[in-house]
Amino acid sequence: MANIYKYCCDEHIDFEIIFKKFNEYDFGEEVLREKFNDIYVISFEKYFFRNGSYTALNIIVNYENDSTYVTLIGFGGGAGIFNYSRGSNNSITYKPILALEELNFKKIAESY
């Protein structure tokens, strides 16, 4: 099960400013940072002891017109025969959401 959140800011916020804000929070080990044209992708993973598995977070930053969009996708983390994540998908997206809200991003969509 994945948790997906999409945020928007009505101004162009440079990727480095967003990434610097993310670094103020410890929400996992960075495993990938790539740029494709005007789209940035960052991937993190974090081990959760409560369910004994890794949970991953993909962050996609893209620009349309003068707006900045950020999509957070928390996934994985399920353990056992029922793939029970014990909330790790939600936990890995919590701190990035706080960082985005500090930069005046507004949530425009979410999916579970």
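Everything numeric in this text was worked out from a predicted model, so none of it was measured.
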Hey, quick one: are L100 and Y94 part of the same hydrophobic cluster, counting side-chain heavy atoms closer than 4.5 Å, chains of contacts allowed? yes
Nearest 0.5 angstrom please: K20 NZ to F15 CZ, how far? 14.0 Å
Give, for atom OG of S43 and atom CD of E34, the distance between the pair rounded to the nearest 0.5 Å. 9.5 Å
Any chance you could lay out the side chain to side chain contact (heavy atoms under 4.5 Å, CB included) test for I97 and F105, step after step, and finish with the verdict? CA-CA 9 Å; I97 286 172; F105 278 81; over 6 Å; no
Can you name the nearest heavy-atom pair linking L57 to P96, along with the distance? CD2-CG, 3.6 Å
Give a yes or no on whether L98 and I13 share a hydrophobic cluster (residues Ile, Leu, Val, Met, Phe, Trp, Tyr; joining criterion: side-chain heavy atoms under 4.5 Å apart). yes
State whether E102 and K21 are salt-bridged, where the test is any N-O pair (Lys NZ or Arg NE/NH1/NH2 against Asp/Glu carboxylate O) under 4.0 Å. yes
Minimum-distance pair of heavy atoms, taken over all atoms of T68 and H12: OG1-CA, 3.3 Å
Kindly compute the distance separating OH (Y7) from CD (E101), expressed to the nearest 0.5 Å. 4.5 Å
Looking at every non-hydrogen atom in both residues, tell me the closest pair between C8 and Y69 and how far apart they are. SG-CE2, 3.5 Å
Just verifying a value: how many Å separate Y5 OH and K107 NZ, rounded to the nearest 0.5 Å? 6.5 Å
Among the clusters formed by ILVMFWY side chains lying less than 4.5 Å apart, do I17 and Y63 turn up in the same one? yes
I'd like to check I4 versus T71 (side-chain heavy atoms, cut-off strictly below 4.5 Å). Are they in contact? yes
Single-linkage hydrophobic cluster L103~F19, side-chain heavy atoms < 4.5 angstrom: yes
Taking the side chain as every heavy atom from C-beta outward, state whether N62 and D38 have any pair of such atoms under 4.5 Å apart. no
Flag, side chain of Y40 to backbone of E16, donor-acceptor distance under 3.5 Å: no
Return yes if some donor-acceptor pair links the side-chain N/O of S67 with the main-chain N/O of E11 below 3.5 Å, else return no. no
Minimum side-chain heavy-atom gap I42-L32 below 4.5 Å: no
Could you state the interatomic distance from CD1 (I60) to CG (L72), rounded to the nearest 0.5 Å? 9.0 Å
